[in-house]
Colleague: 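Supplied in C-alpha cells, the structure appears directly below.
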Amino acid sequence: MKAKLINGRCISSEIKLEVANGVSDFKQEHRIAPGLAVILVGEDPASTVYVRNKQSAAIEVGMVARDIHLENDISQRDLLEQIEMINRDERFHGVLVQLPLPSHIDKNDVIESINPDKDVDGLHPMNMGLLVEGRQRFVPATPAGIQQMLIRSGFNPDGKHVVVCGRSEIVGKPIAILLAQRMSGCNATVTVCHTGTNDLAGVTKQADILVVAMGQPSFVTADMVKEQVVVIDVGVNRVEDSDRKNGYRLVGDVDFESVSGKAAAISPVPGGVGPMTIAMLLANTLKAAQRLV
Ligand code: GUN
C-alpha cells in the first residue's frame with residue numbers, strides 16, 4: 001500500500017491563515033503591524049529564494065517585511081551594526097539572518113548579537129537554553145514545523161519512538177529536545193543518530209517516526225525503515241537533471257520511491273517541511289510582536 005502524503009503546503013496554509021487572523025487582531029488592537037526584517041548576506045541562489053519566500057509570506061499574512069540585502073564582502077563589524085539598528089528599530093519585532101554566512105563572518109557572533117526578544121529563528125543561545133529547560137519561547141522554525149506536521153496529520157509523537165538522523169543546530173538537536181519534552185504534542189522517546197553512529201540502519205529500523213536531516217540526497221532507503229513508519233524528510237538537495245530547464249531538481253534525504261512503498265506516511269520534497277518552516281517563522285514573528293508591545 002502507498003503511504004499517506006504529509007502535505008506541508010496544505011498544513012502551512014492552515015497555519016498561515018491562523019497567523020493572518022492573529023495579525024488582523026493585533027493590528028486592530030495596537031494600530032501597527034507585526035514587523036519582520038530578513039537579512040541576507042551575499043548572493044547564494046538558494047538563500048536568495050528562501051529570503052524572497054519569507055518576505056512575501058510575511059506580507060501575505062499582513063505583516064510589514066523588509067528584506068535587507070548586504071554585499072558578500074561586508075565586514076563582520078558592519079553586519080553587527082546593521083543588526084543593532086534592527087534591534088533598536090521598534091517597527092521590527094522579529095529579525096533573522098539567513099544562513100549560511102560567508103566564511104569570513106563568525107556565525108555565532110552574529111546570532112548572539114540578535115536581541116533574544118526578536119530572535120524569531122530561535123537560534124540565540126538564550127532561546128536554545130529556554131528550549132532545553134522546557135520553557136520554550138521561540139522554537140526554531142523547522143523543528144516547530146515538523147512537530148505541527150506530525151500533530152496535524154494525526155501522528156502525535158506522544159509515546160512514540162522518534163529517531164532523528166542529523167545533529168545540526170537548526171534541525172537535529174532542537175527537534176530531538178522538543179519532541180522529548182514532557183508536554184502534549186511531544187513526550188516521545190527520542191534517539192539521535194548521525195555520521196558517527198555504528199549500524200545506523202539498525203537504529204533507523206526501530207523508528208515509529210523517522211526525521212531525516214542529514215543533507216545527503218536519497219540517503220534513507222526502504223531497507224532502513226520498518227513497515228508503517230512515519231517519515232519526515234527535511235533534506236533539500238539539488239541534483240543534476242538535464243530534463244529540467246534550470247538543470248537540476250530537488251530531492252530529499254529519503255529515497256521517496258522505495259520508502260513510500262513501506263511507510264504509513266511520508267512528507268515529500270518539495271512541498272513538505274519547506275513551507276512549514278516559513279509558516280512557523282511567521283507564527284514566531286506574531287508571538288514576538290505580541291510579547292514586545
Ligand atoms: N538557512 C536554512 N534554514 C535556515 C533557517 O531556518 N534560518 C536561517 N536563518 N537560515 C537558514
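Numbers here simply count residues along the sequence, with the first being 1. Counting starts at 1 for both ligands and their atoms, in listed order.
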Colleague: Where on Val97 is there a heavy atom closer than 4.0 Å to ligand 1, on the side chain, on the backbone, on both, or on neither?
Modeller: backbone

Colleague: Quick test: of every protein heavy atom, which one is nearest to atom 4 (C) of ligand 1, and how far off is it to 0.1 Å?
Modeller: Ile170 CD1, 3.9 Å

Colleague: Could you list the residues that satisfy side chain to side chain contact (heavy atoms under 4.5 Å, CB included) with Leu17, not counting sequence neighbours?
Modeller: none

Colleague: Report, in ascending order of atom number, the atoms of ligand 1 lying under 4.0 Å from any heavy atom of Leu96.
Modeller: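 Near Leu96, the atoms of ligand 1 are 9 (N).
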
Colleague: Is any NZ, NE, NH1 or NH2 atom of the basic residue among Arg291 and Asp117 found under 4.0 Å from an Asp or Glu carboxylate oxygen of the other?
Modeller: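 The answer is yes: the pair qualifies as a salt bridge.
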
Colleague: Is it the side chain, the backbone, both or neither of Leu99 that has a heavy atom closer than 4.0 Å to ligand 1?
Modeller: both

Colleague: Any nitrogen or oxygen of Thr277, side chain or backbone, less than 3.5 Å from one on ligand 1?
Modeller: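 By distance alone, the answer is no.
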
Colleague: Report whether Leu210 and Val269 are members of the same hydrophobic cluster (ILVMFWY, side-chain heavy atoms less than 4.5 Å apart, transitive linking).
Modeller: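 No, Leu210 does not connect to Val269 through the hydrophobic network.
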
Colleague: Could you pull out, from Gln98, Glu169, Lys107, the option with a heavy atom nearest to atom 2 (C) of ligand 1?
Modeller: Gln98

Colleague: Can you report which non-hydrogen protein atom sits closest to atom 9 (N) of ligand 1, along with the distance?
Modeller: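 Minimum-distance protein heavy atom for atom 9 (N) of ligand 1 reads Asp121 OD2, 2.5 Å.
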
Colleague: Quick one: are Leu250 and Tyr248 in side-chain contact, heavy atoms under 4.5 Å?
Modeller: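 In short, these two side chains touch, coming nearer than 4.5 Å.
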
Colleague: Output yes when the distance from some N or O of ligand 1 to some N or O of Thr142 is under 3.5 Å, and no in every other case.
Modeller: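 No; the residue has no nitrogen or oxygen that sits under 3.5 Å from a nitrogen or oxygen of the ligand.
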
Colleague: Measure from the side-chain N and O atoms of Asn284 to the backbone N and O of Val120, and report whether any donor-acceptor pair falls under 3.5 Å.
Modeller: yes

Colleague: Determine whether more than 12 heavy atoms belonging to other residues, nucleotides or ligands lie under 6.0 Å from atom CG of Asn198.
Modeller: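 No, not enclosed.
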
